[in-house]
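Following: one structure in structure tokens, then a few remarks.
Labels below follow one simple rule: chain letters A, B, ... track the order of the sequence lines, proteins then strands, and each chain is numbered from 1.
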Amino acid sequence: MINKTVSGAKEAVADIPNNAFLMMGGFGLSGIPENCISALLEKDIKGLTIVSNNAGVDDFGIGLLLKKRMVKKMISSYVGENAEFERQLLSGELEVELIPQGTLAERVRAGGAGIPAFFTPAGVGTEVAEGKEIREFDGKLYLMERWLKADFAIVKAWKGDTAGNLIFKGTARNFNPIMAAAGKITIAEVEELVPAGALDPNEIHTPGIYVQRIFQGENYEKRIEQRTISK
Amino acid sequence: MINKTVSGAKEAVADIPNNAFLMMGGFGLSGIPENCISALLEKDIKGLTIVSNNAGVDDFGIGLLLKKRMVKKMISSYVGENAEFERQLLSGELEVELIPQGTLAERVRAGGAGIPAFFTPAGVGTEVAEGKEIREFDGKLYLMERWLKADFAIVKAWKGDTAGNLIFKGTARNFNPIMAAAGKITIAEVEELVPAGALDPNEIHTPGIYVQRIFQGENYEKRIEQRTISK
Amino acid sequence: MLNKEQIAQRIAKEVQNGQYINLGIGIPTLVANYIPKNLDVVLQSENGLLGIGPFPKESEVDPDLINAGKQTITMVPGSVLFNSAESFAMIRGGHVHLTILGAMEVSENGDIANWKIPGKMVKGMGGAMDLVASAENIIVAMQHCSKDGQSKLLPECTLPITGIRCVKKIVSDLAVLEISPEGGFILKERAPGVSVEEIQTKTAGKLIIDGPVPEMSFN
Amino acid sequence: MLNKEQIAQRIAKEVQNGQYINLGIGIPTLVANYIPKNLDVVLQSENGLLGIGPFPKESEVDPDLINAGKQTITMVPGSVLFNSAESFAMIRGGHVHLTILGAMEVSENGDIANWKIPGKMVKGMGGAMDLVASAENIIVAMQHCSKDGQSKLLPECTLPITGIRCVKKIVSDLAVLEISPEGGFILKERAPGVSVEEIQTKTAGKLIIDGPVPEMSFN
């Protein structure tokens with residue numbers, strides 16, 4: 001079986017250049033590639049475009065890349081909870097493209113699946129529809145949306161094997177599997193890396209064919225945004 | 001949790017009428033809904049349209065429905081290995097619509113996912129493209145294909161719970177999960193039915209939201225088409 | 001006038017047995033507390049879960065298990081986890097029966113605005129545009145008027161739209177209203193102590209009163 | 001002239017380390033037997049498996065584990081199972097690097113016909129149209145001529161097309177040929193004992209001979 005293992009985050013992100021087009025898995029701070037974000041922070045690159053459902057918080061996740069002015073553009077569905085983001089956006093240092101969450105997910109899925117365009121009802125009659133083809137099917141209006149593909153997709157999984165097969169945990173799965181398929185180079189960091197053959201082939205969420213580099217991450221903080229407890 | 005259990009195949013297919021539009025999971029004879037096919041054979045209905053990758057063999061699977069003249073039309077990607085099928089087709093008793101396997105899979109997936117149309121490169125320049133919109137994206141030509149949805153989707157899983165959550169086994173998974181999502185009424189027969197909560201939420205292939213009826217099947221024959229043994 | 005808990009309580013009466021439901025952030029989240037125990041329904045979280053349970057006890061908190069509001073949650077027995085494309089496939093495909101969400105404005109033909117206020121920092125639409133474009137039944141929880149007394153039930157939305165012709169029913173602090181297929185807010189119920197005249201005054205869009213309007217009950 | 005095993009053996013030399021490969025039914029399936037043991041490659045079965053292993057022993061036969069030709073198979077360590085939409089997502093998305101399949105005809109611009117003969121019962125295209133429209137590299141295993149001696153390497157296909165401008169290389173019983181981007185079959189290697197003249201005679205489409213044509217080797 002093909003071995004995708006690299007030594008760690010530093011090697012995994014070593015060839016990500018200025019102005020790269022990236023995807024990063026995660027929803028809020030859940031399921032984000034913490035190790036790769038740290039390794040990117042050590043690199044002297046800028047002008048990144050990042051597709052990610054959210055933009056982290058001021059002092060964690062993608063927020064750290066924003067603070068270091070490494071990001072030119074965010075493509076997201078929701079970017080609240082981030083004061084530095086707001087400052088850069090209002091000052092014109094940062095561009096943002098807001099996309100309905102389901103359209104974002106389907107555009108990424110389409111990128112991985114070789115579907116250059118598809119129709120969705122989300123956004124019809126709204127400013128999201130501006131400049132897009134609108135078409136009626138079976139009496140309902142739909143927008144045409146295009147695929148999204150990335151130079152590098154960076155994802156975080158729970159378990160992975162050396163062949164690049166991935167299993168996610170809980171709702172930390174979110175955008176990770178579909179982004180894994182949409183990267184020209186896909187980097188997966190996992191909490192536990194096992195030999196090929198150690199995972200049940202029937203329980204794998206992301207087939208290894210989509211993953212070019214894998215390593216076992218360390219020191220996961222897994223910060224919680226809204227710790228909500230039952231009375 | 002919502003309970004989808006019905007008593008068995010007979011109850012599950014009781015309201016399938018003449019001229020219904022059905023989907024049936026399976027690839028060859030692997031992962032086909034044997035119990036529901038038997039129950040359909042006991043019903044006095046005809047004029048069925050069946051979306052299924054294959055059409056069974058003469059004396060098993062969908063071939064049995066063909067032999068009883070219950071089928072008006074097959075929508076499939078490959079229909080070899082069936083002499084009765086060939087006879088009915090040549091005599092004009094049966095219609096067949098042949099669709100590239102990947103397009104068939106994606107049309108079914110689109111039906112479940114609320115995507116009325118999408119673009120695929122499969123079939124460009126062939127007779128499959130006749131009458132279809134052709135469009136260029138990023139320098140390559142694609143066909144527009146429409147979603148497929150069914151009145152009833154009939155699928156076979158390995159394990160299922162009373163909430164309709166399904167786990168498939170081996171390559172018997174094939175079209176079953178995507179068809180489960182594309183049925184207005186989806187009927188799932190499973191080898192082992194367990195209480196809701198007995199399956200790991202992280203290992204489920206088909207979320208129960210797609211399944212309206214579930215029962216534990218019996219006496220699975222699982223006939224093998226090509227028993228091939230290592231020397 | 002209803003408080004937020006009472007709006008949630010009234011909306012909970014709309015829930016039917018066997019439904020899959022997506023609850024938005026804010027008042028809609030509170031609806032979960034009032035769904036009658038004898039109903040079997042499943043709550044969807046668009047970040048990838050069917051079967052949201054109560055908030056966890058301190059010892060149960062799992063950073064890998066959150067809802068779309070990023071709150072820590074638990075799962076009920078029979079839950080299932082999935083990715084974001086599958087989540088919106090089930091939303092867009094019409095498998096989620098009922099969506100309950102908040103709104104800044106609703107128009108008399110069922111348009112909804114709830115994601116953007118010109119001049120203010122835009123946080124994004126999240127999954128709202130997908131939800132309102134897809135669900136069979138959309139119920140809005142909202143205040144009838146803004147803080148400065150302006151009606152939020154309008155002939156046409158003034159704010160950027162989230163979705164068109166999608167809202168089926170509104171439960172506000174003053175009333176329960178249905179959107180007429182021909183346009184207009186059909187007044188169905190009054191909040192306790194609120195008069196039809198007050199609702200009329202505070203509804204800028206076309207209000208349709210067809211027969212006596214009962215006071216709402218919560219049971 | 002090569003027999004089927006030798007065609008498979010010659011094609012196996014095209015396989016590169018790290019590739020994901022889809023092998024069609026017939027001669028292409030035989031290629032698996034000749035892939036050098038020192039190469040790490042993964043075989044895809046479009047019915048939902050990455051990591052096809054050898055045929056099973058009698059005791060290992062599992063009716064729930066078959067390949068696209070409906071033959072019973074096994075899985076190698078590191079395999080993964082998936083549904084048909086995911087399978088063709090990875091094919092259509094260009095993640096499968098190499099497709100090897102049979103053909104009835106190939107044209108000098110790389111069109112392929114391999115699914116339908118007018119007047120005969122049509123069995124269907126299966127996954128062939130998706131595979132040829134998607135893979136980066138498509139190698140065809142075929143007989144150079146039909147049983148009655150007609151060339152199957154043509155200026156244009158006469159049979160219904162499976163895909164256009166997609167074939168990159170042909171390994172026939174007589175020769176190895178590449179499709180020129182400008183059109184034409186570039187003769188790269190001769191089968192042992194087969195002359196350039198014979199290949200020329202048996203190739204109806206434009207044959208391009210650019211320098212000496214070595215005899216093929218199998219190691």
### Message
Within the 4.5 Å heavy-atom criterion, are C:N83 and A:F168 side-chain neighbours or not?
### Response
no

Side-chain polar contacts of residues 22-31 of chain C - donor-acceptor pairs under 3.5 angstrom, sequence neighbours left out - could you list them?
from	atom 1	to	atom 2	distance (Å)
C:N22	ND2	C:Q44	OE1	2.9
C:N22	ND2	C:E46	OE1	3.1
C:T29	OG1	C:G24	O	2.8

### Query
Distance from A:M179 atom CE to C:S84 atom OG, nearest 0.5 Å?
8.0 Å

### Task
Check each atom of C:S79 against the heavy atoms of chain A and say whether the ones under 4.5 Å are side chain, backbone, both or neither.
neither

### Query
To the nearest 0.5 Å, how far apart are OG in A:S230 and CD in C:E58?
11.0 Å

#### Entry: Interchain contact, C:I91 with chain A, by part (heavy-atom threshold 4.5 Å)
neither

### By salt bridge (charged side-chain N to carboxylate O under 4.0 Å, His left out) - contacts of A:E86 (at least two apart)
none

### Query
How close do C:S134 and A:P121 get, heavy atom to heavy atom, and via which atoms?
OG-CG, 4.3 Å

### Task
Any chance you could measure A:E225, atom CD, to C:I66, atom CD1, to the nearest 0.5 Å?
6.5 Å

### Query
Hey, are the side chains of A:R223 and C:P63 touching, using non-hydrogen atoms and a 4.5 Å cut-off?
no

### Summary
The reported gap from OG1 in A:T126 to CE in C:M125 (rounded to nearest 0.5 angstrom) is 7.0 Å

### Message
Any side-chain to backbone donor/acceptor pair from A:R227 onto C:T72? Under 3.5 Å, distance only.
### Response
no

### Query
If you round to the nearest 0.5 Å, how far is OG of A:S77 from CZ of C:F88?
7.0 Å

### Query
Less than 4.5 Å apart, any side-chain heavy atom of C:M121 and any of A:V79?
yes

### Summary
Under 4.5 Å to a heavy atom of chain C? For A:I229 that would be both

### Task
Tell me, for A:R109 versus chain C, whether the close heavy atoms (under 4.5 Å) come from the side chain, the backbone, both or neither.
side chain

### Task
Please flag which part of C:V122 lies under 4.5 Å from any non-hydrogen atom of chain A: side chain, backbone, both or neither.
both

### Message
Need one label for C:A68: side chain, backbone, both or neither, based on atoms under 4.5 Å from any heavy atom in chain A.
### Response
both

#### Entry: Residue of the set C:D64, C:L49, C:D62 for which side-chain contact (heavy atoms from CB on, under 4.5 Å) holds with A:T171
C:L49

### Task
Below 4.5 Å from any heavy atom of chain A, which atoms of C:D111 appear? Answer side chain, backbone, both or neither.
neither

### Query
Between atom CG of A:N174 and atom CD of C:E86, what is the distance when rounded to the nearest 0.5 Å?
14.0 Å

### Minimum heavy-atom distance C:L81-A:R173, with the two atoms named
O-NH2, 3.3 Å

### Summary
If one checks every heavy atom of A:F85 against chain C at 4.5 Å, the contacting part turns out to be side chain

### Contacting moiety of A:L141, where chain C heavy atoms sit under 4.5 Å
neither

### Query
Taking side chain as C-beta onward, heavy atoms only, is C:K70 less than 4.5 Å from A:N54?
yes

